[in-house]
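Scroll down for the structure; my scribbles are underneath it.
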Amino acid sequence: MWKGAIGFGLVSVPVKLYAATEDHGVRLHEVHDKDGGRIRRRSVCSVCGKEVGYEHIAKGYEDDEGRTAILTRDDLADLPLPSKNLIDVLAFVDADRITPLQLARSYYLAPESGGANKPYVLLRETLKKTDRVAISKITIRTRESLALLRVEDDLMMVHTMYWPDEIRDAGGLAPPDSVTVRPQELKMATSLMDTLSEDFDFEDLEDEYQRALDELVTARLDKKTPTTKTETTAAPDNVIDLMSALQASIDRADKGEQDEQEEQGGKGGRAARKTARSGGSGSARKSAAKKSTTKDGAKSTGTSKSTSKSTAKSASKTTAKSTEAKKSTAKKGSAKATKKTAAKKSTRRAS
């Protein structure tokens with residue numbers, strides 16, 4: 001979609017630009033709901049009321065006083081665009097100086113010909129070795145943009161960037177400094193993150209809305225009844241007890257994981273991957289061990305209140321597996337000691 005060169009110093013690298021992303025899904029257009037006729041829009045002048053052809057449509061700008069500046073295609077074509085066919089490198093900066101907030105669209109950058117391979121590789125390897133990115137300018141179609149040149153695997157990429165004055169000030173949006181969280185809450189949140197992150201794979205993600213839209217379109221084309229609508233769970237509007245909400249989130253994540261394992265059955269899947277990694281120790285597995293120990297201890301007492309108390313304690317402490325085991329052992333030992341004492345007293349009385 002673009003052909004030019006990277007210029008840094010006296011070195012020039014002829015390159016081609018390719019779009020790195022694309023929108024998926026079906027393209028919908030407007031129709032009349034009664035007969036399916038396409039809705040056509042006409043360009044009509046608000047002054048004379050006549051339809052205006054494309055060749056007579058210009059750009060305009062209206063100021064606060066109501067004055068309009070008319071800019072024709074020739075006017076716009078005469079504007080200076082030094083970066084029209086050149087990715088002009090302005091500076092090389094450390095990669096950590098760039099935040100995702102500054103990035104807009106992404107493009108693959110490939111060498112234009114075999115003769116450009118060596119300077120291309122030279123620039124690529126230099127960026128890799130120094131862990132830097134290049135700040136440059138590029139003109140795509142008729143607009144000049146700030147751009148970031150970086151390395152992705154064995155390919156260089158260009159990301160158009162927002163100009164500094166296009167990024168809005170975020171002052172006053174963050175919570176006040178007076179808001180603090182307890183260490184127990186941080187540990188619970190970390191445990192939830194570990195649970196949700198285990199075995200996560202980007203390749204498993206899909207656009208559920210788009211899939212439902214495709215099914216709906218197919219059903220309409222085949223004159224069939226659309227499938228049942230999927231219920232969407234509403235987000236809670238407030239959080240009363242943060243610790244309870246965190247624990248409930250962990251329990252729900254674990255339950256969803258167990259349900260998925262049951263669906264996979266003998267195929268292995270996620271359960272097989274977990275078994276293969278059973279030698280490692282992670283905070284997610286520790287959290288699961290905590291909950292398992294707590295539930296087992298709660299069953300032995302026979303009361304639901306004990307279950308919730310034990311769960312809250314195991315979630316707020318650092319490590320629970322060995323601690324709960326000791327508590328359970330201590331309780332059993334205490335119970336046995338009590339029984340023995342009672343037996344001795346009974347024997348003495350009998351004698």
Side-chain angles (χ1 to χ4, degrees), residues 1 18-34 36 38-39 99-108 152-153 155 157 159-162 168 170 173 185 188-277 282-285 287-288 291:
M1 60 175 296
Y18 300 86
T21 59
E22 63 180 358
D23 295 329
H24 59 228
V26 294
R27 293 182 178 272
L28 303 177
H29 50 260
E30 293 181 332
V31 298
H32 187 193
D33 61 353
K34 299 297 183 182
R38 291 285 294 269
I39 303 298
T99 67
L101 179 64
Q102 298 172 275
L103 305 181
R105 297 189 66 89
S106 304
Y107 301 89
Y108 294 128
E152 179 75 18
D153 296 329
L155 196 65
M157 297 193 68
H159 301 271
T160 53
M161 302 176 65
Y162 294 105
R168 295 179 175 179
L173 299 180
E185 293 168 337
M188 286 286 289
T190 302
S191 178
L192 176 58
M193 288 182 181
D194 293 335
T195 302
L196 295 176
S197 301
E198 189 168 351
D199 293 328
F200 175 77
D201 188 355
F202 268 111
E203 298 300 324
D204 294 337
L205 300 180
E206 64 174 343
D207 189 342
E208 296 182 7
Y209 174 84
Q210 187 59 52
R211 183 183 62 182
L213 178 60
D214 292 341
E215 294 175 356
L216 176 61
V217 170
T218 302
R220 294 299 189 195
L221 292 174
D222 296 338
K223 309 298 182 183
K224 295 181 180 179
T225 303
T227 57
T228 306
K229 295 181 180 179
T230 303
E231 296 294 334
T232 302
T233 304
D237 55 358
N238 62 340
V239 178
I240 299 175
D241 187 343
L242 186 57
M243 291 291 288
S244 298
L246 288 169
Q247 183 60 54
S249 299
I250 295 175
D251 293 340
R252 184 173 63 178
D254 286 343
K255 184 179 184 303
E257 188 173 317
Q258 292 173 1
D259 293 342
E260 185 175 346
Q261 291 177 10
E262 291 176 0
E263 290 178 2
Q264 290 176 349
K267 294 181 180 180
R270 183 173 295 181
R273 292 196 297 271
K274 285 187 177 180
T275 303
R277 291 205 306 261
S283 54
R285 284 187 289 274
S287 175
K291 285 178 279 187

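What you are looking at is a predicted structure, and each value in this text was computed from that prediction instead of being measured.
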>> Has Thr160 got a side-chain atom pairing as donor or acceptor with Ala104's backbone, closer than 3.5 angstrom?
In response: no
>> Any side-chain to backbone donor/acceptor pair from Gln102 onto Thr99? Under 3.5 Å, distance only.
In response: yes
> With distance as the sole test, does Asp207 use its side chain to make a donor-acceptor pair with the main-chain N or O of Tyr209 at under 3.5 Å?
Replying inline: yes
> With a 4.0 Å cut-off, would you call Arg38 and Glu30 a salt bridge?
Replying inline: no
>> Contact between Leu205 and Phe200 at the side-chain level, heavy atoms closer than 4.5 Å - yes or no?
In response: yes
> Should Met157 and Tyr108 count as side-chain neighbours, where that means a heavy-atom distance under 4.5 Å?
Replying inline: yes
>> Go through it in stages, so that I can follow the logic: the residues are Val26 and Leu28, the test is side chain to side chain contact (heavy atoms under 4.5 Å, CB included), and I'd like the CA-CA distance, side-chain angles, deciding distance and then a yes or no.
In response: CA-CA 6 Å; Val26 294; Leu28 303 177; 4.1 Å; yes
>> Contact between Met188 and Gln247 at the side-chain level, heavy atoms closer than 4.5 Å - yes or no?
In response: yes
> For the atom pair CG (Leu213) and CD (Glu208), what is the distance rounded to the nearest 0.5 Å?
Replying inline: 13.5 Å
> Short question: side chain of Asp201, backbone of Glu203 - any donor-acceptor pair under 3.5 Å?
Replying inline: yes
> Is there a side chain to side chain contact (heavy atoms under 4.5 Å, CB included) between His24 and Gln210 once you walk through the steps?
Replying inline: CA-CA 8 Å; His24 59 228; Gln210 187 59 52; 3.9 Å; yes
>> How close do Leu103 and Met161 get, counting heavy atoms only, and between which atoms?
In response: CD2-CG, 4.1 Å
> Can you tell me how far CG of Leu216 sits from CZ of Arg211, rounded to the nearest 0.5 angstrom?
Replying inline: 13.5 Å
